[in-house]
Colleague: 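For reference, the structure I am asking about is given below.
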Amino acid sequence: MSDFFSEKLIPQLETNHIGKNIVYLEETDSTNALAKREKNYPCGTVFVAGKQTDGRGRSGRVWQSNDENALYMSILIKPDISPQKISSITLVFGLAVFNALRGYADIGIKWPNDIILDNKKLAGILCEMSGNEEKIDYVVCGVGVNVNNTSFHDEIKDIATSLRIQTGKGYEITEIAAEILNEFDILYAEFLNKGLDDILIKYKNNCITLQKDVKVIMNNTETDAYALDITSEGGLLVRIDKEEKVIVSGEASIRGIIGYA
Ligand code: BTN
């Protein structure tokens with residue numbers, strides 16, 4: 001049986017591969033958790049929820065999901081590539097979300113994949129992988145976009161923003177979802193066929209973390225650093241006390257010297 005969300009979303013899709021199956025639930029614990037439970041669904045299946053009761057962010061953080069003002073969406077993919085190459089999917093998805101949202105406001109990407117508007121977080125991405133050193137079973141690319149939110153919980157109110165807060169307008173959530181899926185369909189195919197090189201050029205052009213003083217937060221310790229570049233595998237090359245070091249996504253958080261980004 002079709003639902004209201006999918007009925008609106010499907011006509012806006014221009015994809016070859018992503019979103020041929022849509023699973024919409026009014027409420028679930030977490031669309032990433034749902035996608036992992038339903039890992040036998042075909043590659044490209046999209047899971048969307050109106051609300052999440054246990055929305056998850058990176059590093060085990062909570063993702064505010066208790067109302068229907070935001071987009072909560074996860075895509076299940078099963079890429080047939082070497083597991084060594086898959087960690088950069090998080091940058092590929094980050095660029096897709098950036099491309100989808102750039103028409104709405106003046107945004108940037110904070111490495112590895114936060115979407116930043118007015119020095120605050122507009123969207124967050126959580127990519128989770130399952131497999132071993134030889135073979136990837138599946139990858140779940142989850143995104144939360146603050147669309148029509150007018151307020152945030154106390155813990156995040158200073159670092160989160162929404163399209164509504166910034167532009168004063170409300171938006172159709174299916175439209176945002178469709179833009180993301182259309183962009184990801186293109187970039188995912190490019191990543192599988194040609195690798196990361198060209199995608200990385202576009203990513204770097206829009207990455208606001210580079211050529212800046214940053215704080216690297218690892219194991220509850222903050223270290224001052226200078227962000228130099230993104231490596232060919234998608235790591236962040238920083239200089240700390242005259243020494244260069246590559247930070248791998250998932251290993252540390254990056255903050256601006258003043259404010260979140
Ligand atoms: C971050 O910490 O920046 C990542 C946030 C990711 C949130 C999204 S909302 C849809 C999907 N389901 C989850 O539980 N998390 C992701």
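Note that ligands are numbered from 1 as they come in the structure, with each ligand's atoms numbered from 1 the same way.
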Colleague: For residues 191-203, which residue pairs pass the side chain to side chain donor-acceptor pair (under 3.5 Å) check, not counting sequence neighbours?
Modeller: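 Residue pairs passing side chain to side chain donor-acceptor pair (under 3.5 Å), neighbours aside: Glu190-Lys202.
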
Colleague: Does a donor on one side chain sit under 3.5 Å from an acceptor on the other, for Asn182 and Thr15?
Modeller: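 Checked: Asn182/Thr15 side chains show no N/O donor-acceptor pair below 3.5 Å.
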
Colleague: With sequence neighbours excluded, what pairs up with Gln166 under the side chain to side chain donor-acceptor pair (under 3.5 Å) test?
Modeller: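 Per chain and number, Gln166 pairs via side chain to side chain donor-acceptor pair (under 3.5 Å) with Asp118, Thr161.
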
Colleague: Give a yes-or-no answer on whether the side chains of Gln12 and Thr174 include a donor-acceptor pair shorter than 3.5 Å.
Modeller: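 There is such a pair (donor and acceptor under 3.5 Å, judged by atom type) between the side chains of Gln12 and Thr174.
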
Colleague: Do Tyr260 and Asp158 get their side chains close enough for a donor-acceptor pair, meaning under 3.5 Å?
Modeller: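 No.
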
Colleague: Listing request: all side chain to side chain donor-acceptor pair (under 3.5 Å) pairs with a residue in residues 29-45, at least two apart in sequence or in separate chains.
Modeller: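 Listed once each, the pairs are Asp29-Arg37, Thr31-Gln52, Thr31-Ser74, Asn32-Ser74, Asn32-Glu128, Lys36-Glu128.
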
Colleague: Students should find this: residues with any non-hydrogen atom under 4.0 Å from ligand 1. What is the answer?
Modeller: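 Ligand 1 is contacted, at a heavy-atom distance under 4.0 Å, by Ser30, Thr31, Asn32, Gln52, Gly55, Arg56, Gly57, Arg58, Trp63, Tyr72, Met73, Ser74, Asp114, Lys121, Gly124, Ile125, Leu126, Val143, Gly144.
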
